[in-house]
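To start, the structure under review is shown below, and the notes come after it.
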Amino acid sequence: MSRRRALLLLERLEALYPDAHCALFYRNPLELLIATILSAQCTDVRVNQVTPALFARYPDAQALAAADPAELEDLIRSTGFFRNKAKNIIGCAQALVTDHGGEVPRRMEDLVALPGVGRKTANVVLGNIFAIPGMVVDTHVKRLAGRFGWTRESDPVRIEKDLCQLLPEERWTQTSHVLILHGRALCKAPIPHCSLCPVLDLCPRQGITRSH
DNA sequence: ATCCCGAGGG
DNA sequence: CCCTCTGGAT
């Protein structure tokens, strides 16, 4: 797919999901970091119930670093993967306290060194809190990028590279969010709702509802 | 029953 | 490349 055609598709998608660039639910770096860690295999609604409760109990990195694992597990149980997440959250908080003065670092290198934080989570924080653009390559973005013919790669890092080369840097963060919203709403795995899709005319698949 | 806004490990 | 971790939504 040509760059021009990709940008046209992107413009149409951005018009379909106008709230993708609106104020973030979480303004504070630590809150967004923890909320993003919690979001794996979990709905936004539940993350947005659990995260405020978590910060009411543990207001900052110092409090989280000293949390009792069993108590934290109980608090986040409903988000799934709760043992891993609790261990990672406490590990993150301890690393923030010992290595970063209790603050969330602004460099990819430092973020991905935190337990339970990969490039996806790091780019969410970098893009939405620190205004450092990056493509958030989650399962939705991977799937749509493939279906749109924006990349043929399967390795997330190479997909990220392809997308960054294809799409304008100043919109990487918003583009990621738009792709995620469209992936959730219509362009689902394994069967996309092509008959309802407003950008079907720009899609190389043209309604072929076969998974990738 | 089956799938999901990840990451770590074999 | 594969697997595991988990509850909840559908």
Side-chain angles (χ1 to χ4, degrees), chain A residues 13-14 16-17 19-26 31-51 53-54 69-96 104 108-129 133-148 150 152-160 163 172-193 196 209-212:
Chain A
L13 278 180
E14 288 181 354
L16 285 170
Y17 303 98
D19 57 335
H21 59 86
C22 277
L24 229 46
F25 195 92
Y26 304 100
E31 287 183 6
L32 183 60
L33 177 66
I34 300 303
T36 307
I37 290 173
L38 290 176
S39 74
Q41 299 299 95
C42 183
T43 63
D44 285 357
V45 174
R46 192 155 304 276
V47 170
N48 294 340
Q49 290 168 337
V50 169
T51 304
L54 186 152
E71 188 182 346
L72 182 57
E73 285 176 11
D74 279 341
L75 197 50
I76 68 172
R77 181 172 305 271
S78 66
T79 68
F81 296 166
F82 62 89
R83 268 182 281 264
N84 289 342
K85 287 175 180 174
K87 183 167 17 119
N88 289 150
I89 287 169
I90 293 173
C92 273
Q94 291 173 343
L96 295 186
V104 176
M108 171 63 76
E109 179 190 354
D110 294 327
L111 283 166
V112 296
L114 300 171
V117 178
R119 291 190 64 86
K120 184 264 176 182
T121 301
N123 271 327
V124 169
V125 174
L126 288 172
N128 291 293
I129 297 284
M135 286 299 301
V136 176
V137 180
D138 66 6
T139 55
H140 291 305
V141 173
K142 278 193 246 180
R143 187 175 68 252
L144 297 224
R147 286 179 177 170
F148 289 161
W150 288 357
R152 291 186 173 186
E153 301 291 346
S154 54
D155 170 28
V157 175
R158 280 192 262 171
I159 293 176
E160 187 183 331
L163 295 185
W172 285 343
T173 300
Q174 185 191 350
T175 297
S176 302
H177 199 180
V178 166
L179 292 176
I180 288 164
L181 291 177
H182 189 58
R184 261 201 304 195
L186 292 177
C187 201
K188 301 185 183 193
I191 305 295
H193 295 182
L196 301 175
T209 54
R210 207 162 13 88
S211 75
H212 228 57

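Here is how names work: the chains are called A, B, and so on, in the same order as the sequence lines, proteins then strands, and each is numbered from 1. Only a predicted model underlies this, so the values are computations on that prediction, with no experimental measurement involved.
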Derivation and outcome, side-chain contact (heavy atoms from CB on, under 4.5 Å), residues A/R119 and A/V137 | CA-CA 8 Å; A/R119 291 190 64 86; A/V137 180; over 6 Å; no
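- A side-chain contact (heavy atoms from CB on, under 4.5 Å) with A/L33 is found for one member of A/L38, A/L114, A/V124, A/I89 and no other, namely A/L114.
- Listed in residue order, the members of residues 36-48 of chain A having a heavy atom less than 4.0 Å from DNA chain B are A/S39, A/A40, A/Q41, A/D44.
- DNA chain B is contacted by A/G118, A/K120, A/T121 of residues 118-125 of chain A, taking any non-hydrogen atom closer than 4.0 Å.
- Side-chain N or O atoms of A/K142 include none that pairs as donor or acceptor with a backbone N or O of A/P156 at under 3.5 Å.
- Straight-line distance between the P atoms of C/dT6 and B/dA1: roughly 22 Å, to the nearest whole Å.
- Going from atom CD1 of A/I76 over to atom C1' of C/dG8 covers 15 Å, rounded to whole Å.
- C/dC1 and B/dC5 have their C1' atoms separated by 24 Å, given to the nearest Å.
- A side-chain contact (heavy atoms from CB on, under 4.5 Å) with A/T79 is found for exactly one of A/L54, A/T51, A/V50, namely A/V50.
- Partners of A/R46 by side-chain hydrogen bond (donor to acceptor under 3.5 Å, both in side chains), not counting sequence neighbours: none found.
- The residue A/R77 sits close only to the backbone: its heavy atoms come under 4.0 Å of sugar-phosphate atoms, none of a base.
- Residues A/I90 and A/P69 approach most closely at CD1-CA, 3.8 Å, considering heavy atoms.
- Take A/R83 and apply the salt bridge (charged side-chain N to carboxylate O under 4.0 Å, His left out) test, not counting sequence neighbours, and it matches no residue.
- Shortest non-hydrogen contact noted between A/F82 and A/E73 is CD1-CB, 3.8 Å.
- With rounding to whole Å, A/D155 atom CG is found 15 Å from C/dC2 atom C1'.
- Across the protein-nucleic acid pair, A/F81 atom CZ and C/dT6 atom C1' stand 6 Å apart, rounded to whole Å.
- Taking 4.0 Å as the cutoff to heavy atoms of chain A, we find the contact window on DNA chain B bounded by B/dC4 to B/dG8.
- Minimum heavy-atom separation, A/L179 to A/L144: O-CD1, 3.5 Å.
- When the P atom of C/dG8 is taken as reference, atom NZ of A/K85 falls 11 Å away, rounded to whole Å.
- With sequence neighbours excluded, the residues forming a ring pair (Phe, Tyr, Trp, His ring centres under 6.0 Å) with A/H182 are A/Y17, listed by chain and number.
- Closest approach of A/R143 and A/K188 over heavy atoms only: NE-C, 3.5 Å.
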